[in-house]
2 protein chains.
Amino acid sequence: MSVEDDPAGDGDAAAPDAPSSLTMEDVAAAAGVSRTSVSRVMLGQKKVSEDTRRRVFAAADRLGYVPNVLASELASRGTSTIGLLLRDAANPAYGLLFTQLQEAAHAADLTLVSMTVTADNRGQRQVAGLHRLMGMRVGGLIVATGGVTSEQLEPFCSRIPIIRAGRPETTEHIHAVSYDEVHAGRTLAEHVADAGHRDVAIVVTAEGDSYPEFVRGTTMAATLAGRGVRIIPVPVGAGPRGGVDEAVALATEGRVSAIMCPSDLRQLEVLRSLAAAGVSVPGDVSVTGCDGVLHGADLLGLTTYRIPVEQLAVRTVARMAELLAARPGAGVVAERLPGVLVPGRTVGPPSSRKEP
Amino acid sequence: MSVEDDPAGDGDAAAPDAPSSLTMEDVAAAAGVSRTSVSRVMLGQKKVSEDTRRRVFAAADRLGYVPNVLASELASRGTSTIGLLLRDAANPAYGLLFTQLQEAAHAADLTLVSMTVTADNRGQRQVAGLHRLMGMRVGGLIVATGGVTSEQLEPFCSRIPIIRAGRPETTEHIHAVSYDEVHAGRTLAEHVADAGHRDVAIVVTAEGDSYPEFVRGTTMAATLAGRGVRIIPVPVGAGPRGGVDEAVALATEGRVSAIMCPSDLRQLEVLRSLAAAGVSVPGDVSVTGCDGVLHGADLLGLTTYRIPVEQLAVRTVARMAELLAARPGAGVVAERLPGVLVPGRTVGPPSSRKEP
DNA sequence: CTGAAAGCGCTTACAG
DNA sequence: CTGAAAGCGCTTACAG
C-alpha cells in the first residue's frame, strides 16, 4: 500500500532531479517483464499470460503507477476523449446541460474533458478554449456556447466531428442538436393569446447576446401578431435594469396586460420588479418565461416552457458516437427538439383595468 | 484563410493514410525554417528574429496549425493545466462553484480541465476520474466532491498539490478550503430559537451521503439543545420521500413548530409537501434551508444561509497558485469560510395551536 | 505469449 | 539568432 517505495531511495517527494514520475519502465523492472508487456496489460489486451498480468498489476499497484495519458495518446495517435466547450454555467440551463452531457457521455463510454469560457468582448477567450481543446487533440468536440462562431469552428470541422449543442447552426458544415426555440416561442405566445390578452410587452434579447432567446422573442412577436394581438417589443440590456423596468412601467400604466420574457431568469426579474411596484400577478398583469429548469419554479407558479435538456444531451452524445465511428464528412444533421408548455399561476385573463 | 492548403495534394480530409494532423515539421517546411525555430516562436520565446517569427506565424495561420499539447507537455514534462474533479453539477451550489472556479482560474491565468463524476455505489467512477486526471499529468488537482476519499487522494498528494474545495478534510496531508458549516448550522439554529420555537424537527443527512450537510444537521441539533429546545431528528433518505414526509407529518400533528433542512433543495421539498397538506408557512410551521444560491429564493422568501461560493473559488485558486509556485509538502492549510444568514418569510413565531 | 526497436510531435540543452 | 540531435513515456508492427 505504500506509495513511497521509491526505488531510487532518495526519500519522499523532495528529490529535486528525480521527479516523482513513475514510468512504465519502473513497473516493468519491478515486475520483471518488458515495457511492452506492461503496456499490453495496462491496455487490457488479450495476448498476455495470466501470470504476467498478475505481476504487472501487483507492481503497478504497489508503486502507485498511473499510465501517462499524454504519452499514450501521442503514441497511439488518437484520443478517445471528446472536448466540451461550455458557456458560463451560471445560467442554470447550461448547468443542467453540462451535467446531463457528462452523464450521457459516461453511459456511452466516452470521456469528456470540458472547458468553460466566460463571455468577453471579442470572443477571444472562447477561441482560446477552442484552440486549447484542439491542441489536446480531442477526438471530437461538442460546442455548447454561442460565443464561438461557425467561422471559427470551420477550420477544424474537417479534422474531427464537431457538434453544436443547444443552439442551431447557421452553417451547413456543422452538426447541430438544438432546442426547438420556434416551438417554444409559438407555444408560449398562443398560451397568452388564448388567455385573452390583446396588448402584450415582449422583452427581446439581441441576436448577438443570445441567439436562442432572440428566436424565442421573434417567434412570440410573429405568433402574437398573427393572432391580431398588439405587441410592444422591449429590448433587453438597454437601460440599467435591462429593459425590465420599461416592461414593468408599461404594465403599471395599464398599456399591456401581459409581459413575455425570453427566459425564466428574466421572468424572475420582472416578478421582483412587479412585486416592488405593488402590481399583482396575474391579477393586474400576466408574465411568462422560458426554460423550465429552475428549482422551485413550481412553488413560484411560473408559467414557462420546459426545454428538453436531458433529451438534448442524450441525442448529442449519440450523434457524436455515430460520427466517431463513421467517416468524417458524413451527412450533416440538424435536429431540433421540442419541449413542453408548463402552465403556471403567473398567467390569467387580462385585468379589467386595462385601458389607460 | 483556406484550411485546405493540403501540401500533399490528396484533397480534403478524405485521405485515409495521411491524417489531417499537421505537425511542426509541416509549418517549418512551409516557413523555410527549422522545427526548433517554429517551436521557439510558438512558445513565445525571445531569442527569435522578427523575420522568423513573422514567417512562422504566417505559415501556421495559413495551414491552420494548432500545436499538439500532448506532445508539448510530454516533451517539456509538465502541465500548466490543473485538474478539477467535480461532483454532479445538478446541485446548484456545485454548478455555481464550478463557474466561479473557472472564472477565478482564468483570472489567475491557470487552465482548468474538469471531469464530472456522478455518484455511484462504491465511488468507482470517482476514482476513475481521479486516475484519468492524474494520467493527464495535471499540475495540480482541485477536488470538489466528497465521493473521493482522503485515502484515495493520498497516494498522489506527494506528487502534485491537491486541494479539497467545499468540504473539510479529515486528513492532515491534504489542503482544504471549505465552507464554515458549523457557523451555518449554528446561525440558522439560533435564528429559529430566537423566533421562539421550542419543538423543532431537523432533517438530517447521513455522514456518508453528504458530509457538509451532516455537519450542518449535527450543529443545528447541538445548538438547539444548548438553548433548551426539544429536537426531533428525521433521517433523510429513509422513506420514499426521503424523510420529508415524516417531518411534515410531525408538523401537521403539531408536534413541532419548525422544520430545519440541511439544504434549500430539501427545503423546497418540504414546502411543496406542506402546501399539498394545506399547512401554512410560517403561520403553522416555520421552515429553514441552507445554501442560498437558488434563483428566485428571494421571491419565495426562503429563510436560508448563503454560503460564500465566490470567495471559496477565489481562495482555492489562490492557494493552488501558491502551491504551484512553492515546493511540494509545504504547510497544509485548512481554511473555513463563513457565510451569512438570509432571513426570509418562512420563519415566524411558533403557532398557537402547537400543542397536540 | 514476449521483446527489441522505431516512432508519435514536441522541447531543450548543445554547438554553431 | 538558428539547427541537429537526444529524449519525454508510451504503442505497435515485427520477429521470435
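Quick caveat: nothing in here was measured; it's all calculated off a predicted structure. We name chains A, B, ... by the order of the sequence lines, and we start the count at 1 in each one.
Put simply, the side chain of R40(A) and the base of dG3(C) share a donor and an acceptor less than 3.5 Å apart.
Considering only side-chain N and O atoms, S34(B) lies nowhere under 4.0 angstrom from the phosphate OP1 or OP2 of dA4(D). For dT11(C), one of the phosphate oxygens OP1 or OP2 lies less than 4.0 angstrom from a side-chain nitrogen or oxygen of S39(B). Within the 4.0 Å cut-off from OP1 or OP2 of dG3(D), at least one side-chain nitrogen or oxygen of S37(B) is found. In this model, the phosphate group of dC8(D) is not approached by any side-chain N or O of S76(B) to a distance below 4.0 Å at OP1 or OP2. Taking 4.0 angstrom as the limit, Y65(B) places none of its side-chain polar atoms (N or O) nearer than this to OP1 or OP2 of dG9(C).
Using a 4.0 Å heavy-atom criterion, one finds that L70(B) contacts no nucleic acid atom at all. T36(B) comes within contact range of at least one nucleobase, with a heavy-atom separation under 4.0 Å.
The interatomic distance linking M24(A) (CE) with dC10(D) (C1') rounds to 6 Å, in whole Å. Here the C1' atom of nucleotide dC10(C) and the CZ atom of R137(A) are 10 Å apart, to the nearest Å. Remark: P of dT2(D) and CD of E50(B) are 10 Å apart, rounded to the nearest angstrom. Separating the CD atom of E25(A) from the P atom of dT11(D) is a distance of 13 Å, rounded to the nearest angstrom. If you measure from atom CE of M42(B) to atom C1' of dT2(D), you get 18 Å, rounded to the nearest angstrom. Following rounding to the nearest Å, N68(B) (CG) and dG9(C) (P) show an atom-to-atom distance of 8 Å. If you take CE of M136(A) and P of dC8(C), they are 22 Å apart, rounded to a whole angstrom. Atom CZ in R77(A) sits about 11 Å away from atom C1' in dA13(D), given to the nearest Å.
Less than 6.0 angstrom separates the ring centroid of F156(B) from the ring centroid of H131(B).
Pairing partner, dC14(C): dG3(D), with both Watson-Crick or wobble hydrogen-bond distances short of 3.5 Å.
To the nearest 0.5 angstrom, S114(B) atom OG is 9.5 Å from L101(B) atom CG.
Straight-line distance between the C1' atoms of dT12(C) and dG16(C): roughly 16 Å, to the nearest whole Å.
Among dG9(D), dT12(D), dG7(D), the nucleotide with an atom closest to any side-chain atom of Q45(A) is dT12(D). The side chain of R35(B) has dT11(C) as its nearest neighbour among dT11(D), dG3(C), dT11(C). Closest to the L74(B) side chain, of the nucleotides dG3(D), dC1(C), dG9(D), is dG9(D).
Where V33(B) and A71(B) each meet DNA chain D at their nearest nucleotide, the meeting point lying more 5' is that of V33(B).
Side-chain atoms of T36(A) and S39(A) form no donor-acceptor pair, as typed in the model, at a separation below 3.5 Å. A side-chain donor-acceptor contact under 3.5 Å links S150(A) and E169(A).
Scanning all heavy atoms of the two residues, the minimum distance from V113(B) to M136(A) falls at CG2-CE, 4.5 Å.
By the 4.5 Å heavy-atom criterion applied to side chains, L84(A) and M115(A) are not counted as neighbours.
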